[in-house]
Structures are given as C-alpha cells and as structure tokens.
Enquirer: 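My questions all concern the structure below.
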Amino acid sequence: MHCFVQPKNSREKKLELFLPLKFNEFILSLIFKYLNFMKAHTYETQSTITPEKALDFLKEGNQRFVNNLKANRDLLEQVNATREGQWPFAVVLSCIDSRTSAELIFDQGLGDIFSIRIAGNFVNQDILGSMEFGCNVAGSKLVVVLGHTKCGALKGGLDAAQIETMGMDNLNHLVNHFDPIINEVIDENEERSSKNSVLLEKLNQQNIKHAIKDIRRQSSTLRKLEEEGKIKIVGANYDVETGSVNWL
C-alpha cells in the first residue's frame, strides 16, 4: 500500500543532510515513506487508484521487501480502520508455498489486497468467482497471477507417476492438472523429472501464462473489465532465492 505525501518532518530533513548527494533517489524515497505510518485504504482512496498505479504499489512494495525497508504500520490501527469494511486495490493469486505470502512479498497491510492461494497458482471456477467479487464488487483494480521458482506443486506434476504410488487421490488430481502444460514445454527425449531444473522453470513460466489465459477465457466479467480499462491482469514470478518479483 502507498503512503500519502506529507510535509517532511525534522527527522527527514536531518537525514537529507547526512546522505551523499548522489544517494539513490529511490532508496531515499523508501526511507521517507518508512518514517510515516501506512494507513489503511478507504473507499475514497481506492476509487482514485488506476490499474497502473495499483501495479506500481506492488512493485514499490517488493522493492521495500528486498531492501529490508518494511513500511511502518500500526496493525491494530489498521484493524480499527477496516472494521466497517475493506477496500483492497489488488487481487493476488499465488501458491500455498509457505515462502510466498503476497502480503509480505509486496509489503502490504491489512485491507490492502485480496490473497487467493492454491498449490500451483492455477484457476478454477471458485477462484474465478473470488476474483470477480474482488474486482467487480469490491473494487480492486489489478489481478496478479504470482508463480514462483522451485514450485513444489509443479515438481509434483513432473513426478506425477511417482505421486500416484502414494495413494492420495486428491493430490493426484491436483498434480495431473499440469499435464497439458508440461506437454507444451517439454522437448522430445527431455527428462521429465523435478530434478530437471530447466524444465521446471519453463513449466513455471508457462503455467503463469496459462492461468492468465484461463482468467480471460473463462471469466467474461474480468475480460470485460480489462477491455474497458478498469482492471489489469498481469503475471509475475517470485524468486525464492532473492525475494525479487519479476513481472511478465
């Protein structure tokens, strides 16, 4: 979430005096934002956000995350501010992987984003319904499909034959979801295995693109909102080794 511009306080003015003249302006702006408390969104602030600005908020948040400059928040104050309602600016579909919490990766607070999670970050009718609610009812301006490197669900897809021997019918159903995508990216005579890191990452990238196509194809509501410029639908890939999000 962004921080509204406020007059510089004495701490900020003193900080400027001690920073080198060529200090990275972006880092400086992050520090100034850090010195102020982030506020929860209201209906008024949400209504002024464009899809492009919503994307900027997430990009800025990830930059704070990788630079260890977490925004300053009073979470109990945000609880109080959102008790009558919520006005998130984005919907993020991500994996259940414990390393991929969208609120942390994008440095967002209470009431900032709708977070939808499923192993392998793919869509189904229930997830599409949640996205439609988030955008067409609750007013979010951005849909993000967030994949990540070294995805365990995709590894399971590559190792589906071995997974089947474990006797978990529902897990088998889940990992078999990726078969058509695997067939698109695997080369002739290439090893189909989670140990094949090159194939795994190709599958990850293609899986993100497939989810975006499925959203547009299977949800006339979201497709229309995007065509009208009211929302954006984008893909992103989180690197579990660096903390950086690469936008597709």
Enquirer: Taking T48 for the side chain and T45 for the main chain, is one N or O donor matched with an acceptor at less than 3.5 Å?
Expert: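 Yes; at least one donor-acceptor contact below 3.5 Å.
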Enquirer: Ring centroids only, cut at 6.0 angstrom: are H210 and F122 within range, meaning strictly under it?
Expert: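 When the ring centroids of H210 and F122 are compared, they turn out to be at least 6.0 Å apart.
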Enquirer: Without placing hydrogens or testing angles, list every side-chain donor-acceptor pair under 3.5 Å for residues 161-178, not counting sequence neighbours.
Expert:
from : atom 1 : to   : atom 2 : distance (Å)
T165 : OG1    : Q162 : O      : 2.6
N172 : ND2    : M168 : O      : 3.3
N176 : ND2    : N172 : O      : 3.0

Enquirer: Would you check if the distance from the ring center of F89 to the ring center of F57 is below 6.0 Å?
Expert: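 Yes, ring centres under 6.0 Å apart.
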Enquirer: Restricting to non-hydrogen atoms, name the atom on G243 and the atom on V66 that form the minimum distance, rounded to 0.1 Å.
Expert: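 Result for this residue pair: O-CG1, 3.2 Å.
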Enquirer: So, does N183 use its side chain to make a donor-acceptor pair with the main chain of D179 at under 3.5 Å?
Expert: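 Checking the backbone N and O of D179 against the side chain of N183, a donor-acceptor pair under 3.5 Å is found.
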Enquirer: Which atoms form the tightest heavy-atom contact between A71 and R64, and what is the distance?
Expert: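 Looking at all heavy atoms of both residues, the shortest contact is CB-NE, 3.9 Å.
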Enquirer: If you count heavy atoms of other groups shown closer than 6.0 angstrom to CG of L248, is the number above 12?
Expert: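 Yes, the 6.0 Å shell around CG holds more than 12 heavy atoms from other groups.
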Enquirer: Give the minimum heavy-atom separation between S193 and L158, together with the two atoms involved.
Expert: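 Result for this residue pair: O-CD1, 3.6 Å.
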Enquirer: Decide whether N237 and N204 meet the rule of one side-chain donor and one side-chain acceptor closer than 3.5 Å.
Expert: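 Short answer, yes.
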Enquirer: Can you check whether R216's main-chain N or O pairs, donor with acceptor, with R223's side chain at less than 3.5 Å?
Expert: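 Between the backbone of R216 and the side chain of R223 there is a qualifying donor-acceptor contact (under 3.5 Å).
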Enquirer: Does the side-chain contact (heavy atoms from CB on, under 4.5 Å) test come out yes or no for L146 and N121, once each step is laid out?
Expert: CA-CA 7 Å; L146 179 66; N121 43 271; over 6 Å; no
Enquirer: Does a side-chain heavy-atom distance below 4.5 Å link I105 with Y238?
Expert: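 Touching, per the 4.5 Å side-chain cut-off.
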Enquirer: Count the heavy atoms belonging to other residues, nucleotides or ligands that lie under 6.0 Å from CD of Q125, then report whether that count exceeds 12.
Expert: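 No, because the 6.0 Å sphere around CD of Q125 holds 12 heavy atoms or fewer from other groups.
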Enquirer: Kindly work out whether a path of hydrophobic side-chain contacts (I/L/V/M/F/W/Y, heavy atoms less than 4.5 Å apart) joins I233 to F133.
Expert: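 Shared cluster, yes.
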Enquirer: Measuring only between side-chain heavy atoms, which start at C-beta, is I118 closer than 4.5 Å to I127?
Expert: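 Side chain of I118 against side chain of I127, heavy atoms only: contact under 4.5 Å found.
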Enquirer: Please find the pair of heavy atoms, one from A153 and one from G120, that lie closest to each other, and give the distance.
Expert: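 What the structure gives for the nearest pair is CB-N, 3.5 Å.
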Enquirer: Going by heavy atoms in the side chains, are S219 and M131 under 4.5 Å from each other?
Expert: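 SC-SC contact between S219 and M131 ruled out.
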Enquirer: Is a side-chain donor-acceptor pair under 3.5 Å present for E241 with T149?
Expert: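 Side-chain D/A pair, T149 to E241: absent.
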Enquirer: Taking L69's backbone N and O only, do any of them form a donor-acceptor pair with N67's side chain (distance below 3.5 Å, no angle check)?
Expert: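 Pair absent, no side-chain N/O of N67 close to backbone of L69.
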Enquirer: When rounded to the nearest 0.5 angstrom, what distance separates NE2 in H41 from CD in Q46?
Expert: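 Output value for this atom pair is 8.0 Å.
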Enquirer: Could you tell me whether a side-chain N or O of T50 sits under 3.5 Å from a main-chain N or O of K53, the two making a donor and an acceptor?
Expert: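 Such a contact is found between T50 side chain and K53 backbone.
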Enquirer: To the nearest 0.5 Å, tell me how far L110 CG sits from R73 CZ.
Expert: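 Between atom CG of L110 and atom CZ of R73 there are 8.5 Å.
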Enquirer: If you measure from the Lys or Arg side-chain nitrogens to the Asp or Glu carboxylate oxygens, is any gap between E190 and K202 under 4.0 Å?
Expert: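 Yes.
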Enquirer: Do the side chains of V240 and I208 join up, straight or via other hydrophobic residues, at under 4.5 Å, putting them in one cluster?
Expert: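 No; tracing contacts between hydrophobic side chains, which count when under 4.5 Å, never links both residues.
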Enquirer: As an exercise, state the distance from CD of Q205 to CG of L154, rounded to the nearest 0.5 Å.
Expert: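 Nearest 0.5 Å value for the CD-CG distance: 11.0 Å.
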Enquirer: Could you state the interatomic distance from OG (S101) to CZ (F106), rounded to the nearest 0.5 Å?
Expert: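 Rounded to the nearest 0.5 Å, the OG-CZ separation comes out at 10.0 Å.
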Enquirer: Say you draw a straight line from NZ of K230 to SG of C135; how long is it, rounded to the nearest 0.5 Å?
Expert: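 Spacing of NZ (K230) from SG (C135) equals 12.0 Å.
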Enquirer: Could you walk me through whether V91 and I113 pass the side-chain contact (heavy atoms from CB on, under 4.5 Å) test, one step at a time?
Expert: CA-CA 6 Å; V91 178; I113 61 175; over 6 Å; no
Enquirer: Is the closest side-chain heavy-atom distance between L93 and V143 below 4.5 Å?
Expert: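 Not touching, per the 4.5 Å side-chain cut-off.
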Enquirer: Whether the side chain of R192 engages the backbone of I182 through a donor-acceptor N/O pair (distance < 3.5 Å, no angle test) should be reported.
Expert: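 Flag not set: sc R192 to bb I182 has no pair under 3.5 Å.
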Enquirer: Please report the interatomic distance CD(E201) to SG(C151), rounded to the nearest 0.5 Å.
Expert: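 If we round to the nearest 0.5 Å, E201:CD and C151:SG are 10.0 Å apart.
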Enquirer: What is the minimum heavy-atom distance between G134 and F114, and which atoms define it?
Expert: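 Residues G134 and F114, closest heavy atoms: CA-CE1, 3.6 Å.
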Enquirer: Looking only at the side chains, is there a donor atom on one of R117 and T100 sitting less than 3.5 Å from an acceptor on the other?
Expert: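 Indeed, the side chains of R117 and T100 share at least one donor-acceptor pair under 3.5 Å.
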Enquirer: Return yes if some donor-acceptor pair links the side-chain N/O of S140 with the main-chain N/O of P88 below 3.5 Å, else return no.
Expert: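 Indeed, once roles are kept as given, a pair shorter than 3.5 Å links the two residues.
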Enquirer: What about L58 and I215, same hydrophobic cluster or not, with Ile/Leu/Val/Met/Phe/Trp/Tyr joined at side-chain heavy-atom distances under 4.5 Å?
Expert: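 Unlinked, L58 and I215 end up in two clusters.
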Enquirer: Please check: side-chain N/O of Q206 versus main-chain N/O of I181, any donor-acceptor pairing under 3.5 Å?
Expert: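 Here the side-chain-to-backbone pair does not exist.
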Enquirer: Shared ILVMFWY cluster between I116 and V245, side chains joined below 4.5 angstrom?
Expert: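 Different clusters: I116 never reaches V245 through Ile, Leu, Val, Met, Phe, Trp or Tyr contacts under 4.5 Å.
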Enquirer: Are any non-hydrogen side-chain atoms of I231 and L142 less than 4.5 angstrom apart?
Expert: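 Answer no - side chains too far apart.
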Enquirer: Determine whether a donor-acceptor pair (N or O, by modelled atom type, separation under 3.5 Å) exists between the side chain of D107 and the backbone of N62.
Expert: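 Not confirmed, D107 side chain does not pair with N62 backbone.
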Enquirer: Can you check whether I212's main-chain N or O pairs, donor with acceptor, with R217's side chain at less than 3.5 Å?
Expert: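 Judged by distance alone, no pair lies under 3.5 Å.
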Enquirer: Please tell me whether D159 and S194 have a donor and an acceptor in their side chains that are separated by less than 3.5 angstrom.
Expert: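 D159 vs S194: donor-acceptor pair found between side chains.
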Enquirer: Tell me whether I49 shares a hydrophobic cluster with V137, the cluster being built from Ile, Leu, Val, Met, Phe, Trp, Tyr side chains joined at under 4.5 Å.
Expert: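 Cluster IDs for I49 and V137 differ.
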